[in-house]
Each structure stands twice: as structure tokens, then as C-alpha cells.
There are 2 protein chains.
Amino acid sequence: MKTIADIAKLAGVAKSTVSRYLNGGSVSLQTKKKIEQIIQEQNYIPNTFAQSLKAKKTNMIGAIVPRLDSYATSQTLTGMDKELRVQNYHLLISNTNQEQQREIEAIYDFARQKVSGIILLAAEVTEAHLTALKKVDIPVILVGQKHSQLHSLIHDDFKAGYIMGKHILESGHQQIAYLGVTEKDEAVGIKRKQGFQKAIAEHHCEIQYYETSFKIKDAIEVASNIFDASLPSIAVCATDNIALGVMKAAHARGIRIPEQLSITGFGGYDTSEIVHPALTTVHYAYLQAGELSAQQIIQLVEDQSVNMCSTLDVTLIDRESVDKR
Amino acid sequence: MKTIADIAKLAGVAKSTVSRYLNGGSVSLQTKKKIEQIIQEQNYIPNTFAQSLKAKKTNMIGAIVPRLDSYATSQTLTGMDKELRVQNYHLLISNTNQEQQREIEAIYDFARQKVSGIILLAAEVTEAHLTALKKVDIPVILVGQKHSQLHSLIHDDFKAGYIMGKHILESGHQQIAYLGVTEKDEAVGIKRKQGFQKAIAEHHCEIQYYETSFKIKDAIEVASNIFDASLPSIAVCATDNIALGVMKAAHARGIRIPEQLSITGFGGYDTSEIVHPALTTVHYAYLQAGELSAQQIIQLVEDQSVNMCSTLDVTLIDRESVDKR
DNA sequence: CTGAAAGCGCTTACAG
DNA sequence: CTGAAAGCGCTTACAG
């Protein structure tokens with residue numbers, strides 16, 4: 001590997017001159033050409049470590065995600081990556097495989113790697129998170145959840161639940177099965193449900209609540225159990241994946257959708273459009289969340305101020321899986 | 001930020017002693033305790049740059065991927081991440097958004113970041129790739145395609161096509177529509193098709209070839225055009241996503257699957273199991289590909305030898321979307 | 001516009 | 001077991 005010293009020697013100038021050339025400092029046209037040529041010939045690539053060691057900062061942003069293989073995550077990452085790229089930052093991704101302990105480790109790891117900022121996608125923020133974040137003293141944007149002590153970027157889960165509630169009411173549904181998730185996940189487990197509850201509050205519907213996980217397989221099982229007991233007119237599912245599981249379970253029993261059973265989701269995943277019948281759901285702006293979180297973390301890194309909490313709007317996608325009653 | 005010098009001073013020892021402690025060198029129990037305590041108190045985190053600058057190597061592996069939001073990619077990345085993690089390496093991901101030029105840039109970027117190895121997921125390897133790889137002189141594993149000059153890790157696309165061909169023949173299908181992709185993609189565009197062709201070679205089937213992209217939307221359109229002309233007994237699709245598009249198009253016209261039209265895919269994506277009817281397809285070991293590529297790149301980095309080409313096995317997943325004729 | 005020198009935070013022989 | 005010193009490849013005042 002060539003170093004700046006090699007280039008300097010070959011070009012017949014001092015290291016500092018080469019450095020100045022590299023960093024856009026003032027260099028005469030003649031030496032500029034010379035250095036340029038030598039760098040080309042030698043395939044010289046500056047050593048980022050040495051640069052960062054001196055400059056005391058890096059252009060790396062670390063993202064901590066619970067998994068790589070989910071629509072929400074991959075869309076959000078794609079958005080982050082896109083924005084970071086244009087701003088000349090690099091994305092470092094740490095996958096925690098849904099293990100909370102690894103989120104904490106990832107924070108320390110990122111500190112070691114000297115990332116300039118951290119974007120955290122976590123379902124739950126604990127004391128351990130806060131402590132770690134405090135210790136490493138790196139700017140953070142929390143995405144998908146709100147926390148009073150952290151800059152947060154969230155989707156409007158309450159509204160999502162609310163507009164979905166209004167929609168199914170307008171469609172005349174009265175026997176509702178609501179398949180939710182753990183309340184440890186405040187956004188999905190609580191806010192979404194609360195919005196929904198508010199919408200249906202004034203009406204007297206029969207509503208049953210069930211808890212399942214984010215996994216399709218679990219949703220299939222929960223749905224099967226529900227069907228064993230009786231058939232609601234609609235299954236309102238806290239995520240598109242849960243809705244997909246319910247659909248699968250319904251198909252397996254020959255239950256016709258939406259004639260016998262209507263189904264709705266939340267998220268607006270690609271797949272929700274592809275299945276038959278296409279799923280009525282609420283669109284979440286994951287891509288935009290990625291972009292915005294990237295912008296915000298850069299602002300934080302560069303000592304600009306950022307709102308403590310930003311909320312992204314959601315919209316209903318009315319498709320085929322809900323029948324009028 | 002604390003440095004090793006701060007710790008040394010506070011512990012009343014030399015920097016080298018602290019360094020030795022950090023790197024597991026010989027240090028007396030007493031000083032060990034002392035240093036340990038100070039490090040705790042001070043939240044000291046060693047500067048990776050300074051370390052790497054001296055040690056001349058990093059524990060980072062760079063992955064270049066065409067996109068983040070595909071099943072194949074996210075599974076492969078998950079596998080890589082998992083394996084890298086246990087071996088104490090870190091994963092740097094560069095998303096090229098399907099733009100070939102960005103693959104080249106990513107190679108140079110990674111060189112600047114001093115990654116120890118590169119895992120490349122590319123549909124096509126050009127001269128520019130080879131040149132860049134040669135210039136930066138970093139070990140590489142190519143995943144998903146085979147190239148004579150690069151260590152490659154591939155799925156057995158030929159066999160995949162072959163077993164699928166055999167399977168549909170056994171099911172009695174004679175009017176086949178094959179929806180493939182560009183031949184620039186050797187694995188998917190050529191090998192998969194060739195395997196399929198070999199299987200049906202001895203039989204006299206009617207077969208029509210169509211070309212589409214990897215996008216579901218495009219597949220929907222191509223399928224609609226096919227249906228306008230006539231209905232084959234089966235649509236053999238080069239990827240699960242294409243199959244999903246064909247399914248969507250069929251549903252839209254009320255074509256019953258598999259009674260009127262059978263459909264098959266390749267890949268074994270999650271979604272293929274969820275749709276109704278569940279898709280008959282070929283399972284690709286993406287997770288394993290990720291793990292193996294990670295192992296291999298580490299071997300290369302550590303100067304161990306690796307096979308020039310490894311092939312991962314594929315298996316048929318016989319589900320509901322193919323009817324006996 | 002250019003160069004010599006100091007220093008970023010570590011690690012690594014080399015002595016002791 | 002421990003410490004002083006040199007050096008990794010850069011950047012950044014400071015002179016000139």
C-alpha cells in the first residue's frame with residue numbers, strides 16, 4: 001500500500017502539499033497536475049484511519065436494527081442509505097436479531113468504531129439503552145418509538161389505528177377480532193390499538209382482543225384458534241404480516257375473504273398488494289422515515305438543532321379485503 | 001474522550017502496560033485490577049482508528065448488494081452477519097441500488113475504509129469490476145454468480161431448473177410459458193433456463209419464452225399480455241416474485257389457480273408460502289450462502305485457501321400451485 | 001504556494 | 001512484569 005509519503009517523494013513535493021491537494025487546499029496548478037498523475041499511476045488511496053485519527057471525526061453513521069429481513073426495516077435502511085450517500089456519509093448496519101442485549105452491545109461497538117451518530121430502531125428503550133447512550137456520548141435518533149429523553153422519529157400510530165377504526169365502522173362491521181402485539185412495543189402494541197379504540201368507542205361493537213407476535217406463523221395459529229370458536233366479521237391485525245397469517249389460516253379452512261371474513265393490516269408492505277384479495281391496510285412511510293432520520297442524525301452530528309419528536313403521516317389504503325356489511 | 005495516556009496516568013503505569021492489558025499481554029494481577037478499575041470509571045473505549053493504523057488491519061468485511069429490500073439479499077446478509085459476528089468481524093453494507101456504476105464506487109469506498117475483505121453480490125461482473133478489484137487488492141468472494149477469476153459461491157441454478165422441469169413434466173404439463181430474465185444475469189437468465197430446457201428436451205412440449213424483469217409489476221404486465229393471446233397450462237417463472245406477479249394477473253382475470261393455470265417460481269421466498277395457493281418453487285439456501293461466504297472471506301483474509309467455486313444445493317418445494325394434468 | 005515539524009491514539013519490539 | 005521510544009499515515013498550524 002502506497003502512503004502519502006510515497007506520493008510526495010515521487011512528485012518531488014512535501015507530504016503536506018499532497019495532503020493539501022487531497023483536501024482542496026491551495027496548490028499551484030503545476031504541482032496539482034503532477035500529484036494527480038502520480039496518484040493515478042500508483043493507485044493511491046488515502047488511509048481513512050489515519051485521516052480520522054487526526055481529524056477526530058468520521059463520516060460513518062451506525063444503524064441498529066432488530067432484523068434485516070423485514071419490509072419495514074429494509075425500506076427504512078434503503079431510505080437512510082440513500083440520504084446518507086448524497087450527504088457523503090457511510091452507513092454501518094448492526095443487526096441485533098431481535099435480542100435486546102445485542103442492541104446495547106451494538107451501541108458500544110459503534111462507539112469503538114467511532115461512528116458520528118447512531119440511528120436506533122428498537123421496539124423498547126430500557127435504562128440499559130439510556131446508560132449506554134449516555135456513556136458513549138454519541139448523537140442518536142430513535143426511529144419508530146418515542147422517548148422523552150431521545151430525539152424521536154415516529155409514524156402516527158394513533159392516527160393509523162383511528163382511521164382504520166373509522167373505515168371498518170363505515171363498512172358496517174360489528175363483530176371485530178383485534179389481533180395485537182405486546183404492549184412492550186408502545187407504538188404498535190399501544191398507540192395503534194388506542195387509536196383504533198377511540199374510533200370505535202362511541203359505537204357498540206363486539207370486540208375481542210388477541211395477542212400474537214410479529215411472526216406470520218404465530219398469527220396463523222392464533223387465527224386458527226379464533227376460527228375454532230367462532231367467525232368474527234372482520235379481523236383487524238396490528239401488522240400486515242399478521243393479516244397475511246390470518247389470510248393464510250382462512251384460506252386453509254375455505255373461509256372466503258372478504259365475503260365471510262374481512263381482514264385488515266397496518267404497514268403497506270409490498271406483499272399486501274400482491275396477495276389475493278389485496279389487503280386493505282394503512283400506509284407507513286418507511287422510506288421517508290429512513291431519509292428523514294438520516295437527515296436528522298447528520299444535523300445532530302453537525303451541531304444543528306432537531307425537533308425532539310417528528311411524526312410521519314399515515315394514510316389508508318382501501319383495497320379488496322374488506323366487505324361492506 | 002479519554003485516551004490510553006489518560007488511563008495510564010491515572011493508573012500510575014505506562015501506556016504500553018495499558019495496551020498490553022487491553023491486548024491480553026502479560027500484566028501482574030495487581031496492575032491488571034488497577035487498570036481495569038480506572039477503565040471502568042472513565043468509560044474508556046479504545047480508538048479503533050489508532051489501533052488499526054498500527055495493526056494494519058481491520059475486522060471489517062464489506063458487502064456490496066444491489067438492494068436491501070429483497071428476500072434473497074436480506075437473507076444472505078442475515079447469514080453473513082451471523083457468521084461474521086461469531087468470528088468477531090463487522091459487516092459494512094453498501095447498497096448500490098441496482099446501479100452497476102455504484103458497485104465499482106463501492107469497491108473503492110471499501111478500500112478507503114480499509115475493509116479486510118469484500119463480499120460481492122452482483123448480477124454481472126464486468127472488466128471495470130475486475131480492474132477495481134485488482135487495484136484495491138482486497139480478497140473477494142462473489143456470491144450468486146460464477147467467475148473464472150474470482151472466488152465464487154453459487155446456488156445450483158442448473159439443477160434448480162432441471163428439477164423444476166422434471167417436476168412439471170411429471171405433472172403432465174405440455175403447454176408451457178417460461179418467464180425468464182435477461183441473459184446478462186448468467187445464473188438466473190441462463191443457467192436456470194438451461195437446466196429447465198435439459199429436463200424437457202426429450203419431450204415434445206409447446207414452450208414459449210418471455211422475458212421480464214425482477215419486478216413484480218413488470219411480471220404482472222407480461223402475464224396480462226400472455227393471457228390476452230392464450231392460456232398456457234403452466235407458467236414457469238424464473239423467480240418467485242415473477243410468479244407472484246403472474247398470480248396477481250391471473251387472479252385479476254378470475255383465472256383459477258391451479259385448475260386453469262399452474263404456476264411455479266424459484267427461490268423459496270417467505271411470501272411464496274403465504275399466498276394462496278401456496279407456490280411450488282425451488283428452495284435456495286440464501287441464509288447458508290451468507291454464512292458460507294462469510295466463512296470463506298475470513299479464510300481468504302487470514303491467508304487460508306478456499307475453493308475457487310462452491311455450489312449450494314437446491315431442493316424442490318412441492319406445494320399447491322401445480323395441478324396434475 | 002510550499003515545507004518542516006508536531007501530534008492524533010495506539011502498538012510493538014527492545015531493554016531492563 | 002514493566003517502561004521509554006519509535007512509528008503507523010495522515011493533518012494542521014506555523015514559517016517562509
Look at the side-chain N and O atoms of A/Thr17 and state whether any lies under 4.0 Å from the OP1 or OP2 oxygen of C/dG3. yes
How long is the line joining CZ of A/Arg20 and C1' of D/dC14, in whole Å? 11 Å
Taking for B/Thr31 and for A/Lys2 the nucleotide of DNA chain D with the nearest heavy atom, the one nearer the 5' end belongs to B/Thr31
Roughly, in whole Å, what's the span from CZ in B/Phe49 to C1' in D/dC10? 13 Å
Does B/Lys15 or A/Leu29 map to a spot on DNA chain C nearer the 5' end, using the closest nucleotide for each? A/Leu29
Would you say B/Lys34 has more than 12 foreign heavy atoms packed within less than 6.0 Å of its NZ? no
Check whether any side-chain N or O of B/Ser70 sits under 3.5 Å from a backbone N or O of B/Thr73 as a donor-acceptor pair, and report yes or no. yes
Base, sugar-phosphate, or nothing for B/Thr3, non-hydrogen atoms under 4.0 angstrom? sugar-phosphate
Using only atom types and a distance under 3.5 Å, with no angle test, would you say the side chain of A/Asn307 pairs donor to acceptor with the backbone of A/Ser310? no
Proximal nucleotide (of C/dC10, C/dG9, D/dT11) relative to the A/Ile4 side chain: D/dT11
Considering every strand and a 4.0 Å limit on heavy-atom distances, what is the contact class for B/Tyr21: base, sugar-phosphate, or nothing? nothing
To the nearest Å, give me how far apart CD (A/Gln51) and C1' (C/dG7) are. 16 Å
Interatomic distance, B/Ile7 CD1 vs D/dG3 C1' [rounded to whole Å]: 18 Å
Of the candidate nucleotides D/dT11, C/dT12, C/dG3, which contains the atom at the shortest distance from the side chain of A/Ala14? C/dG3
Who pairs with D/dA15 - Watson-Crick or G-U, where each distance is under 3.5 Å: C/dT2
Which listed nucleotide (C/dC10, D/dG3, C/dG3) is nearest to the side chain of B/Asn47? C/dC10
Tell me: NZ of A/Lys54 to P of D/dT12, nearest whole Å? 7 Å
Closest approach to the side chain of A/Val13, judged atom by atom: which nucleotide of C/dG7, C/dG3, C/dT12 is it? C/dG3
B/Ile45 CD1 to C/dC8 P, in whole Å, measures 20 Å
Length of the line joining B/Asp6:CG and C/dC8:C1', which is rounded to integer Å: 13 Å
Side chain A/Asn23, main chain A/Gly25, donor-acceptor under 3.5 Å: no
Would you indicate what B/Ser52 reaches in the nucleic acid, counting non-hydrogen atoms under 4.0 angstrom: base, sugar-phosphate, or nothing? nothing
Given C/dG9, C/dT2, D/dG3, the nucleotide with the shortest approach to the side chain of B/Ala50: C/dG9
Does B/Ser28 have a side-chain nitrogen or oxygen under 4.0 Å from the phosphate oxygens OP1 or OP2 of D/dC1? no
Using modelled atom types only, decide if a donor and an acceptor are shared between the side chain of A/Gln98 and the backbone of A/Pro66 within a distance under 3.5 Å. no
Could you check whether A/Ser16 gets within reach of a base, just the sugar-phosphate, or nothing at all, counting any heavy atom under 4.0 Å? base
C/dC1 P sits how many Å from A/Ile35 CD1, rounded? 12 Å
Polar side-chain atom of B/Ser19 near backbone of B/Lys15 as donor-acceptor pair, under 3.5 Å: no
A/Tyr44 has a side chain; which of D/dC10, C/dT11, C/dG3 sits nearest to it? D/dC10
With a 4.0 Å cut-off on heavy atoms, is B/Ser26 in touch with a base, just the backbone sugar-phosphate, or nothing at all? base
